[in-house]
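This is a predicted model, so every value here is computed, not measured.
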Amino acid sequence: MKDLNDLRRDRKAAADKVTGAEAAVTAAEDALDALTAEGTTPDAEALTAAQAAVTTAVAAFDASVVAFNVADGRVKRREQQESIAANAAQGDESGTGAPGAVGGVGQPAVALNPADAGVATGLLVHALANAKGDVGRAVEALDAAGHSGVSAALSGATDSAGGVTIPQAQSAEIIALLKPRVAVRASGARVSPMPAGELRDARQTGSATAAYGVENAPAIESEPTFGKTDKSFKTLRGLVPIGNALLRHSMSAMNAQFIRDDLIDALALTEDLSFLRSDGSSDDPVGLRTWCLAAHKLVAADATAAEADAKIRAAVDKVEDANIPMINPGWIMRASTKNFLASLRWPTSGQKVFPSIEMNASLMGYPIRTTSQVPNNLGVGADETEITFADFNEVVIGDSLSISLATSTEASFVDTNGDTISAFQRDLTLMRAISEHDLAPRHDEGISMITAPGWSL
């Protein structure tokens with residue numbers, strides 16, 4: 001069965017066909033008008049063919065409208081069904097079965113304790129893993145454990161390829177929890193829903209101009225120019241090994257938190273790396289490093305205070321001089337790079353070059369966020385790292401706002417050491433989580449980067 005996003009993609013395709021069919025009708029009518037224009041004597045055979053072409057085009061247009069209405073109806077029915085399922089889930093007093101959570105009719109269950117956010121997803125994953133992906137058995141287990149709110153939400157889940165797409169309310173909670181763990185999201189990148197799997201943003205590539213002139217002289221015409229930033233879903237797959245010993249215990253909030261955190265970590269680490277450095281060659285999002293213009297990529301010559309100060313200032317200048325509004329600017333780097341810059345002192349005075357780092361975790365007045373996904377072993381000497389500066393208001397993440405889960409107790413996986421691990425041999429259950437998103441800047445000029453040797457302790 002298709003999930004809601006698939007149905008929305010079908011509706012978009014149907015809408016595109018309506019547009020194409022309308023263009024065909026217009027073309028056929030224009031051809032007929034040309035034949036029957038005043039002062040012309042149309043050939044009878046050509047006139048008959050033109051009239052037939054109009055009739056055929058109109059029939060095709062009517063058929064495309066009918067197909068669109070069918071696709072639109074399917075989307076609206078599924079949206080209504082998911083809304084009803086979500087409302088049913090909200091009727092449970094706890095919302096998640098976890099302590100410290102409240103809910104009520106007409107509003108989603110909200111955790112009083114922020115640490116409990118997303119626990120419903122952990123319970124849901126726990127139940128699906130125990131039931132080996134069988135939604136019916138998982139619902140029964142949740143009901144038996146007293147988590148009727150979660151079971152009601154799971155009852156409204158849709159099938160996906162080999163698994164289950166968890167309801168949007170629970171997916172949105174997990175995506176929100178990713179924000180502080182993914183440096184690009186935490187830096188203020190804007191998230192835009194992509195329900196049809198595709199999003200097109202117009203971006204201004206050139207500005208209109210103004211000029212002085214003598215009185216009553218005609219104004220010099222100028223026009224802004226626009227380009228397109230296309231974003232389409234890239235599929236992120238995260239693998240979460242869960243010990244069966246944990247699953248054999250009751251579905252407690254503590255167990256659910258462990259599973260939730262593993263799920264978030266699996267998605268966050270990969271997402272962080274892709275958003276920062278990917279070149280898009282492996283069907284992953286094109287990262288900020290690749291979007292950054294060549295003229296905005298700076299290379300530091302050494303690790304001296306003077307060179308660090310010059311390159312940090314130059315990185316900001318590149319963005320500001322491009323007339324970027326600087327609404328939400330910030331830095332992303334390794335923690336060791338931040339600590340290196342914080343320790344730099346001027347050789348003559350002994351004063352710190354960047355005292356604001358220790359004072360309020362900012363550099364040149366802009367906040368710093370750190371991630372271990374920025375490497376520190378680049379370059380010939382294997383000692384180079386990267387620092388990214390951007391106005392993150394210019395960075396847009398298109399997100400499907402859904403997560404699909406599949407389970408296996410027999411599959412194998414490759415761990416971070418490159419070793420192949422058998423889930424069956426290790427008594428593990430593997431949960432594969434899939435989310436879909438993409439990233440693109442509205443203006444490439446809003447990004448600058450520094451590659452620096454020896455800037456990471």
Side-chain angles (χ1 to χ4, degrees), residues 111 114-122 124-126 129 165-166 168-194 231 233-242 256-278 280 282-290 330-338 361 367-376 385-386 388 390 392 395-406 413-417 430-440:
D116 291 335
V119 169
T121 301
L124 190 150
V125 172
H126 188 295
T165 298
I166 66 176
Q168 190 171 18
Q170 282 71 33
S171 295
E173 266 196 339
I174 292 298
I175 291 169
L177 289 172
L178 281 172
K179 183 172 181 177
R181 306 198 192 195
V182 179
V184 175
R185 289 184 187 265
S187 296
R190 293 188 290 171
V191 177
S192 176
M194 296 170 62
K231 290 178 281 294
F233 281 151
K234 305 298 187 295
T235 302
L236 170 62
R237 296 176 176 86
L239 202 61
V240 184
I242 305 172
Q257 286 176 338
F258 285 138
I259 295 171
R260 174 204 63 187
D261 291 344
D262 284 347
L263 176 64
I264 294 170
D265 287 342
L267 295 174
L269 288 173
T270 304
E271 190 176 298
D272 225 2
L273 182 61
S274 293
F275 282 177
L276 288 171
R277 307 197 72 249
S278 171
S282 301
D283 295 323
D284 46 358
V286 175
L288 297 181
R289 177 175 177 269
T290 305
W331 302 88
I332 296 178
M333 61 186 75
R334 281 186 73 91
S336 54
T337 304
K338 182 191 74 171
I368 300 171
R369 286 177 177 82
T370 60
T371 172
S372 61
Q373 295 301 82
V374 177
N376 62 350
T385 188
E386 292 172 343
T388 301
F392 288 94
V395 178
V396 181
I397 299 171
D399 207 314
S400 69
L401 303 179
S402 69
I403 297 176
S404 299
L405 300 171
F413 67 99
V414 178
D415 66 9
T416 54
N417 296 321
L430 301 182
M431 292 298 299
R432 185 190 65 199
I434 294 178
S435 67
E436 295 174 310
H437 48 247
D438 199 11
L439 174 144

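- A side chain to side chain contact (heavy atoms under 4.5 Å, CB included) with V374 holds for exactly one of T337, T385, L273; it is T385.
- Residue L439 holds its CG atom at 9.0 Å from CG of L276, rounded to the nearest 0.5 Å.
- Counting only heavy atoms from C-beta outward, the side chains of E271 and H437 approach each other to under 4.5 Å.
- With respect to R277 and E386, a salt bridge is recorded, a charged nitrogen being found less than 4.0 Å from a carboxylate O.
- Side-chain contact check for I332 versus S187: some heavy-atom pair is nearer than 4.5 Å.
- The shortest distance between side-chain heavy atoms of R289 and T388 does not fall below 4.5 Å.
- In plain terms, the two heavy atoms of R334 and N376 that are nearest each other are CD-CB, 3.5 Å.
- Looking only at distances, a side-chain donor or acceptor of S278 sits under 3.5 Å from a matching main-chain atom of P285.
- Contact check for L288 versus V184: side-chain heavy atoms found under the 4.5 Å cut-off.
- Between I397 and D438, every side-chain heavy-atom pair lies at or beyond the 4.5 Å cut-off.
- Side-chain atoms of R185 and F275, non-hydrogen and from C-beta on, do get closer than 4.5 Å to each other.
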